Amino acid sequence: MAVPGTFLVPLLLLLCGPGPYPAAAQSHPGVECVLFNEEYMTCKWGTRETLSVNYSLYYRYKNASDKVECKHYLQDHGVRVGCYFKRNELIQFQSFHVFINASIDGKTLEIPSKRMLLQDLVKPEAPVNLTIRNMSNNQLQLTWATPYPKARCLEHAVKYKSNKDTSWTELSVNGDVFSLPSVDYEKYYTFYVRSKINKYCGSTQFWSEWSAPVFWGSKSTSKGTVEEQLHWFKIHTILVPIASCLLLLVLVILLMRIERVWVILMPRIPNPSKNFDELFITHKGNFQEWAGVPKDVVESFKPNYSENICYVTELPPKDSHEPLWDSSNHAPPPMPGPPAAPSEHSPYQKSYGRV
């Protein structure tokens, strides 16, 4: 990146006099443009601390005759430090010219930049979805995905280190697969990946940012990076207690449901024997005492009357001299009222007595 102080020479020449400044104005203006993932571009020329006046940016492509001023300036506390270009303002594979103007005391200083190609200014986005698979013979396979729309135009770099290593190992990779031929299962590995436009699609030197890390291996050793220690700290202090509580809750719910189902399928048969222990042991089977029935109620149900015996016999025929009653028997008590008349249809006559 060019030093923003290169603006100072033409500005001083402009302030001191008009003589030599046109030649100095041909110097490189110190503008750095970066095309982020082919989605937007920024061109910056300084910071608030290094700039004392506001600059204006104009640009044009090869086939355009008129210059266009920047529509979206980047500012730092009111001082213009760059320009933001939207995607619809970008045209690749055409020469891109940038002009910086500074106005001082009513005079305008124009500092043209050198010609640029947007395909040489691309900075891809960092790779995502890093995945590690165990292969045969202690081999690991690392894969990833890229948000850049033209994956075939990328080359990659993989950086990895174990918890027993003191430095990182970085290797270039073509494609989106990296194989580590031999690993130690006693070590704990950390991997990063970044991307850059390859030589077939541009000559940019801008690498993407490093991806989020991915880990593999054993944590049996005490050494490790800060990222690894933070990763395992979160697992042991947050995930393990939460998982234990959830497991305990599931077991309690299962036990409650199992007991409820068992009661529904196999209901308990009630045993009434304990309820009658007092009847047979204490009250000797006396139901009235056990039930608490008052004695006067019990006495009211006992019979308090007697019925005399009523004798019934048949009368002998009229011409018979047999006595009506056997001498061995006691004579029946006299019956009140006239005797009943004998029946016409029966030769015998029955007498009834009632007391």
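Because the structure is predicted, anything quoted here is derived from the model rather than measured.
Look at Arg194 and Glu170 and you find a salt bridge, because one of the NZ, NE, NH1 or NH2 atoms lies within 4.0 Å of a carboxylate O, short of that distance. Under 4.0 Å is where a charged nitrogen must lie from a carboxylate oxygen, and between Glu38 and Arg87 no such pair does. Note on Lys196 versus Glu155: salt bridge recorded, some NZ/NE/NH1/NH2 to OD/OE distance being below 4.0 Å.
The list of ring-ring contact (aromatic ring centres under 6.0 Å, His included) pairs with a residue in residues 117-155, not counting sequence neighbours, reads Trp144-His156.
A donor-acceptor pair is defined here as one N or O able to donate and one able to accept, closer than 3.5 Å; such a pair exists between the side chain of Glu89 and the backbone of Lys86. A distance-only check finds a donor-acceptor pair linking the side chain of Asn163 to the backbone of Tyr188 [under 3.5 Å]. Panel note: side chain Tyr58, backbone Cys70; no donor-acceptor pair is recorded below 3.5 Å. Put simply, the side chain of Trp45 never gets that close to the backbone of Leu57: no donor and acceptor are under 3.5 Å apart. Judged purely by atom type and a 3.5 angstrom limit, Asn129 has no side-chain atom pairing as donor or acceptor with the backbone of Ala145. Of the possible donor and acceptor atoms, none in the side chain of Asn37 sits under 3.5 Å from a partner among the backbone N and O of Pro124.
Side-chain atoms of Ser56 and Asn101 form no donor-acceptor pair, as typed in the model, at a separation below 3.5 Å.
Taking the six-membered ring for Trp and the full ring otherwise, Trp210 and Phe191 have centroids separated by 6.0 Å or more. Aromatic rings of Tyr84 and Tyr40 (six-membered ring for Trp) have centroids within the 6.0 Å cut-off, being under it.
Annotation: cation-pi pair Arg80/Tyr73 present, NZ/CZ under 6.0 Å from the ring centroid and within 45° of its normal.
With Cys43, the cysteine Cys33 has an SG gap short of 2.5 Å.
Using cut-offs of 30° and 60° for the angle between ring planes, the Phe96 and Tyr59 rings count as tilted.
Transitive grouping of hydrophobic side chains (ILVMFWY, heavy atoms separated by less than 4.5 Å) keeps Ile91 and Leu117 in distinct clusters.
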